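Not measured: the values here are computed from a predicted model. All chains are named by letter (A, B, ...) in the order of the sequence lines, taking the proteins before the strands, and each is independently numbered beginning at 1.
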Protein chains: 2
Amino acid sequence: MTSSATGSAVTMHIGELAEKTGLSLRTIRHYDEVGLLKASARTEGGFRLYTQEDHSRLMVIRRMKPLGFSLDEMMALLKVIDTMQGGVAGSNNTSVRAELDAFVAEAVERRQKLQDQLAMADEFLELLRMQ
Amino acid sequence: MTSSATGSAVTMHIGELAEKTGLSLRTIRHYDEVGLLKASARTEGGFRLYTQEDHSRLMVIRRMKPLGFSLDEMMALLKVIDTMQGGVAGSNNTSVRAELDAFVAEAVERRQKLQDQLAMADEFLELLRMQ
DNA sequence: GCAATCAACCCTTACGTTAGGGTAGTGTTG
DNA sequence: CAACACTACCCTAACGTAAGGGTTGATTGC
């Protein structure tokens with residue numbers, strides 16, 4: 001019963017997107033404001049309209065968040081991904097590839113830090129339980 | 001060699017404490033400002049002086065941080081721990097114990113969230129590597 | 001013996017930043 | 001009409017950062 005069959009270009013309002021992603025309305029509006037994820041369109045009256053594409057982009061963002069990237073960094077990464085996917089065959093994507101690799105490296109590093117934090121948290125919990 | 005260098009009343013300046021804990025000077029000063037960890041003393045000239053006690057308190061704080069507790073919450077927890085340790089034997093520590101248990105529960109929950117974030121990060125990394 | 005100097009360290013404002021949260025007051029949609 | 005959405009604005013935590021000045025304590029010169 002995916003009731004979104006209101007025509008061919010499936011769109012949704014901000015509320016539905018919020019529910020699907022688990023992000024707040026405020027957060028999504030903020031992403032729009034700063035340009036991290038602009039609404040694909042607006043209704044006559046000004047309501048933001050989002051597509052499936054927007055949804056999956058937002059999911060990428062959501063998964064990046066735990067790594068503590070800034071919104072600017074996320075923006076940059078999304079651009080890189082777009083470039084690679086919309087890549088003109090045979091164009092010079094070496095620099096883009098390099099940029100992506102840098103992101104991966106950074107992400108791996110941050111993942112490590114996250115894990116360290118987990119370890120630290122466990123130390124703390126043990127300490128707490130000893131009381 | 002003058003008088004009090006007998007090992008146990010050792011104090012240090014903020015820089016040494018920063019190095020030992022891995023926290024920034026600014027962070028430690030901030031903790032002083034808001035009362036999370038006030039310097040035990042000051043020199044005549046105004047330098048903050050910290051003891052070994054301070055050091056271990058700060059380590060507790062540092063280990064709590066990954067769990068995302070606010071400074072106010074940390075302050076509350078430290079107070080609870082202090083109360084328990086300086087506990088007059090036989091005093092009514094039931095409510096204090098309850099408070100501690102609440103903290104433990106909260107901490108466990110947050111630890112879980114941390115782990116979820118780690119999982120999300122891994123999903124993201126896989127996604128990145130597929131590019 | 002003691003002032004002067006110097007690098008390293010520390011101090012206090014005080015404003016800036018990030019990623020949203022919260023509210024009010026008003027308009028839109030079904 | 002009830003839900004939902006809009007803009008615009010102020011607010012927050014936990015520091016970062018810059019500016020301008022003071023302290024410490026070891027070394028130097030007299």
Base, sugar-phosphate or nothing for B:R48? Non-hydrogen atoms, less than 4.0 Å. sugar-phosphate
Looking at [options], which one has an atom nearest to any side-chain atom of [X]?
X	options	result
A:T43	D:dT7, C:dT28, C:dA19	C:dT28
A:H30	C:dC11, D:dA5, C:dG20	C:dG20
B:F47	C:dG20, D:dT23, C:dT29	D:dT23
B:L71	D:dA5, D:dT24, D:dC15	D:dC15
A:T27	D:dT7, C:dA19, C:dG20	C:dG20
B:R26	C:dT29, D:dC15, D:dC6	D:dC15
A:R42	D:dC9, D:dT7, C:dT28	D:dT7

Check whether any side-chain heavy atom of [X] lies under 4.5 Å from a side-chain heavy atom of [Y], and answer yes or no.
X	Y	result
B:T51	B:V10	no
B:R48	B:R42	yes
A:R62	B:M120	yes

5′-ward residue of the pair A:F69/B:L25 relative to DNA chain C: B:L25
If each of A:D72 and B:G45 is mapped to the nucleotide of DNA chain C with the nearest heavy atom, which maps nearer the 5' terminus, i.e. the 5' end? B:G45
Row check, B:F69 ring normal vs B:R110 NZ/CZ: under 6.0 Å, within 45°: yes
B:E19 atom CD: more than 12 heavy-atom contacts under 6.0 Å: no
Does A:E126, at its CD atom, have more than 12 non-hydrogen atoms belonging to other residues, nucleotides or ligands within less than 6.0 Å? no
Measure from [atom1] on [X] to [atom2] on [N] and round the result to the nearest Å.
X	N	atom1	atom2	result
B:E33	D:dC15	CD	P	11 Å
B:L49	C:dC10	CG	P	11 Å
B:M74	D:dC15	CE	C1'	12 Å
A:K38	D:dC6	NZ	P	16 Å
A:E73	C:dA19	CD	P	9 Å
A:E16	D:dA3	CD	P	18 Å
B:L23	D:dA14	CG	P	14 Å
A:L36	C:dA19	CG	P	10 Å

Phosphate OP1/OP2 of [N] contacted by [X] side-chain N/O (<4.0 Å):
X	N	result
A:K65	C:dT18	no
B:S24	D:dC15	no
B:Y31	D:dA14	no

Residue mapping more 5' on DNA chain D - nearest nucleotide basis, B:I28 or A:G46: A:G46
